[in-house]
Amino acid sequence: MLSCTSHIWNFFAFLHHQQAQNVILSHSTSSPLFLYLPFQNVHGPTQAPEEYVDKYQFIRNKTRREYAAMVELVDEAIGNVTQAMQQAG
């Protein structure tokens, strides 16, 4: 999991999934939980932290490279939320 002190926490995917994890882990399992978590990262503008974009240097088109990084961000965030749900039971 990423550290809150990292500069990439400025991206909404990280902020939203962190808040979702907090809700999940603090929610009592004695009652149902409905969590609506729409990720906007796969829509324009194409922006992602350089740490993610750099992984896709083999993609020549800059927009496609940034989009691939954006999809990875969403995938990682969903994985973290899923892990929190499993941890919470």
Legend entry - Passing candidate, side chain to side chain contact (heavy atoms under 4.5 Å, CB included) with Phe39, options Leu73, Asp75, Val74: Val74

Legend entry - Heavy-atom pair with the smallest gap, counting every atom of Val81 and Ala20: CG2-CB, 4.1 Å

Inset, instruction - Could you tell me the separation between the CZ atom of Arg65 and the CZ atom of Arg60, rounded to the nearest 0.5 Å? - result: 10.5 Å

Legend entry - Test item: Ser28 and Leu33 side chains (from C-beta on) under 4.5 Å apart, heavy atoms: no

Inset, instruction - Could you pull out the closest heavy-atom pair between Pro32 and His27, with the gap in Å? - result: O-NE2, 3.2 Å

Inset, instruction - Group every Ile, Leu, Val, Met, Phe, Trp and Tyr by side-chain heavy-atom contacts under 4.5 Å, then state whether Tyr67 and Ile78 land in the same group. - result: yes

Inset, instruction - Quick one: closest heavy-atom pair of Ala84 and Ile24, and the distance? - result: O-CG2, 3.6 Å

Legend entry - Distance-only polar pair, side chains of Tyr52 and Glu66, donor-acceptor under 3.5 Å: no

Inset, instruction - Could you list who else is in Ile59's hydrophobic cluster, with ILVMFWY side chains joined at under 4.5 Å, directly or through other members? - result: Tyr56, Phe58

Inset, instruction - Identify whether Met85 and Val23 are in the same connected component of the hydrophobic contact network (ILVMFWY, side-chain heavy atoms under 4.5 Å). - result: yes

Legend entry - Nearest heavy-atom neighbours spanning Gln47 and Met70: O-CG, 3.3 Å

Legend entry - Leu25 to Gln87 - nearest heavy-atom pair and separation: CD2-CD, 4.0 Å

Legend entry - Minimum heavy-atom distance between Thr29 and Ala88, given as atom pair plus value: CG2-O, 3.4 Å

Inset, instruction - Decide if atom NZ of Lys62 counts as having more than 12 heavy atoms of other residues, nucleotides or ligands within a radius under 6.0 Å. - result: no

